[in-house]
Amino acid sequence: MRIATWNVNSVNARLETVLGWFERASPDVAVLQEIKCVDEKFPTEAFERLGYNVAVHGQKTYNGVAMLSKAPLEDVRRGLPGDETDEQARYIEAVVSGETPVRVVGIYLPNGNPVETEKFAYKLAWMERLNRRARELLRYEEPLVIAGDYNVIPRPEDAEKPDAWLGDALFRPESRGAYRALQNLGLTDAFMAVDGGPGAYTFWDYQAGAWQRNNGIRIDHALLSPQAADRLVRVDIDREQRGEEKPSDHVPVVVELAL
DNA sequence: ATGGTAGCCGAGCTA
């Protein structure tokens with residue numbers, strides 16, 4: 001089973017590009033971030049034509065996440081528990097049915113900049129809520145994949161110019177510590193388990209020729225429960241996608257599990 | 001240090 005995560009930066013502005021990738025890569029499951037539309041504007045039929053079941057947690061203009069799966073989705077949950085006042089659409093969870101069911105969570109973790117504002121506090125609070133939810137889900141002792149745009153650069157090796165990110169919410173010790181705390185629960189960073197080398201970037205800014213200079217960062221991750229990590233086969237970062245016409249600033253990351 | 005780009009939506013925010 002191949003599970004993809006991709007921050008598409010508006011699913012409708014990039015629909016042909018996104019559909020083209022799905023036709024070629026044909027992941028069994030995918031989580032999308034920054035769809036930037038409400039549920040009614042999500043191109044559900046286009047994905048259904050490719051054989052996917054669709055679950056959306058949309059929002060006008062900003063954020064928005066979705067899950068696509070060839071197998072039926074059960075127990076779909078929208079929104080990260082722990083704060084009823086939080087109206088940002090950044091979390092979707094479902095069980096992918098099959099011989100071995102897999103619980104998949106798609107997240108769009110808050111960026112958190114500028115750090116001197118309430119945005120950074122929101123990011124850290126969100127990560128604490130995610131930690132709490134992960135603890136609950138790990139109790140099932142089943143295959144679990146939490147994939148998405150984490151907006152965290154885990155190590156200096158995950159940035160072409162780490163010095164440029166000092167002080168940034170994506171690289172602050174608090175953010176990296178919270179990401180490490182998730183791993184300390186028993187979750188495995190899929191990329192670190194199969195590769196872990198430097199320079200495996202998933203995001204290049206649109207500005208200042210970041211792609212041309214390979215000024216990238218690794219911020220799109222998949223964390224696996226022990227039952228999923230035991231079945232991990234490979235991780236593919238589809239770097240070529242960044243060089244396509246009208247690309248997202250993120251590229252797809254695909255995790256393959258022997259299931 | 002600044003400005004550089006993209007999307008949404010039609011000015012300014014978010015990233």
Side-chain angles (χ1 to χ4, degrees), chain A residues 5-21 31-44 46 56-66 79-80 85-91 106-127 130 147-154 158-172 174-176 178-179 201-221 238-253:
Chain A
T5 176
W6 193 8
N7 179 324
V8 294
N9 186 23
S10 174
V11 67
N12 285 311
R14 226 171 302 292
L15 187 56
E16 294 315 309
T17 304
V18 171
L19 292 175
W21 183 82
V31 290
L32 304 181
Q33 301 87 37
E34 283 205 88
I35 61 172
K36 292 190 173 178
C37 64
V38 294
D39 294 9
E40 301 72 44
K41 297 264 181 73
F42 188 86
T44 298
V56 182
H57 184 33
Q59 180 181 333
K60 184 177 154 70
T61 310
Y62 302 119
N63 311 318
V65 290
L80 178 61
T85 67
D86 185 1
E87 294 181 343
Q88 300 190 30
R90 297 176 173 276
Y91 182 97
I107 67 165
Y108 175 44
L109 208 149
N111 177 295
N113 282 305
V115 291
E116 65 275 13
T117 68
E118 67 291 335
K119 289 172 183 291
F120 190 51
Y122 175 68
K123 175 179 194 154
L124 297 179
W126 205 95
M127 294 187 83
L130 180 64
D149 177 358
Y150 279 72
N151 268 316
V152 174
I153 304 166
D158 298 313
E160 182 71 12
K161 298 181 178 178
D163 290 351
W165 295 93
L166 292 173
D168 192 284
L170 278 63
F171 197 52
R172 279 283 292 250
E174 298 94 324
S175 308
R176 295 167 63 192
Y179 185 68
Y201 308 135
T202 65
F203 168 91
W204 296 258
D205 202 289
Y206 288 122
Q207 303 182 68
W211 168 245
Q212 289 74 11
R213 300 160 191 259
N214 192 31
N215 182 13
I217 52 178
R218 184 173 72 93
I219 55 174
D220 298 272
H221 310 301
D238 196 350
R239 181 188 173 93
E240 298 75 48
Q241 198 62 32
R242 187 62 178 81
E244 294 286 308
E245 203 65 24
K246 214 170 177 281
S248 170
D249 40 5
H250 296 250
V251 297
V253 178

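So that the names make sense, note that chain A is the first sequence line, chain B the second, and so on, each numbered from 1.
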Sequence neighbours excluded, which residues qualify as ring-ring contact (aromatic ring centres under 6.0 Å, His included) partners of His221(A)? Tyr150(A), Tyr179(A)

Closest-nucleotide mapping onto DNA chain B: is Thr61(A) or Tyr206(A) further toward the 5' terminus? I mean the 5' end. Tyr206(A)

Rounding to the closest angstrom, what is the interatomic distance between dC9(B) and dC13(B) at atom C1'? 11 Å

Contact check, residues 238-249 of chain A vs DNA chain B, heavy-atom distance under 4.0 Å, returns Lys246(A)

Restricting to side-chain hydrogen bond (donor to acceptor under 3.5 Å, both in side chains), what partner residues turn up for Thr202(A), sequence neighbours left out? Asp220(A)

Hey, what do you get for CG (Asn113(A)) to CZ (Arg172(A)), rounding to the nearest 0.5 Å? 9.5 Å

Which residue pairs satisfy the side-chain hydrogen bond (donor to acceptor under 3.5 Å, both in side chains) criterion with at least one member in residues 115-124 of chain A, sequence neighbours excluded? Asp86(A)-Tyr122(A)

Applying ring-ring contact (aromatic ring centres under 6.0 Å, His included), can you list everything that pairs with Phe42(A), at least two apart in sequence or on another chain? Phe47(A)

Heavy atoms only, 4.0 Å cut-off, all strands: where does Tyr108(A) land among base, sugar-phosphate and nothing? sugar-phosphate

With a non-hydrogen cut-off below 4.0 angstrom, is Arg14(A) in contact with a base, only sugar-phosphate, or nothing? sugar-phosphate

Do any side-chain atoms of residues 209-216 of chain A form donor-acceptor pairs under 3.5 angstrom with protein atoms, and if so which ones, sequence neighbours left out?
from	atom 1	to	atom 2	distance (Å)
Arg213(A)	NE	Ala208(A)	O	3.1
Asn214(A)	OD1	Trp204(A)	NE1	3.0
Asn214(A)	OD1	Arg239(A)	NH2	3.0

What residues form a ring-ring contact (aromatic ring centres under 6.0 Å, His included) with Trp21(A), not counting sequence neighbours? Trp6(A)

Given DNA chain B, 5'-ward residue of the pair Lys41(A) and His250(A), judged by closest heavy atom: Lys41(A)

Taking the C1' atom in each of dG7(B) and dA11(B), what is the distance between them to the nearest angstrom? 14 Å

Looking at DNA chain B, which of residues 109-121 of chain A put a heavy atom within less than 4.0 Å of it? Asn111(A), Lys119(A)

Work out how far the C1' atom of dA6(B) is from that of dG10(B), and round it to whole angstrom. 15 Å

Distance between C1' atoms of dT14(B) and dG4(B) (Å, rounded): 16 Å

Rounded distance [0.5 Å steps], OG1 in Thr17(A) versus CD in Gln241(A): 7.0 Å

When the P atoms of dA15(B) and dA1(B) are considered, how many whole Å apart are they? 24 Å

Residues which pass side-chain hydrogen bond (donor to acceptor under 3.5 Å, both in side chains) with Asn151(A), listed by chain and number, not counting sequence neighbours: none

Which nucleotide span of DNA chain B, 5' end to 3' end, has atoms closer than 4.0 Å to non-hydrogen atoms of chain A? dG4(B) to dA15(B)

Phe120(A): which residues meet the ring-ring contact (aromatic ring centres under 6.0 Å, His included) condition with it, sequence neighbours left out? none

Sorted by chain and number, sequence neighbours left out, side-chain hydrogen bond (donor to acceptor under 3.5 Å, both in side chains) with Arg242(A) holds for none

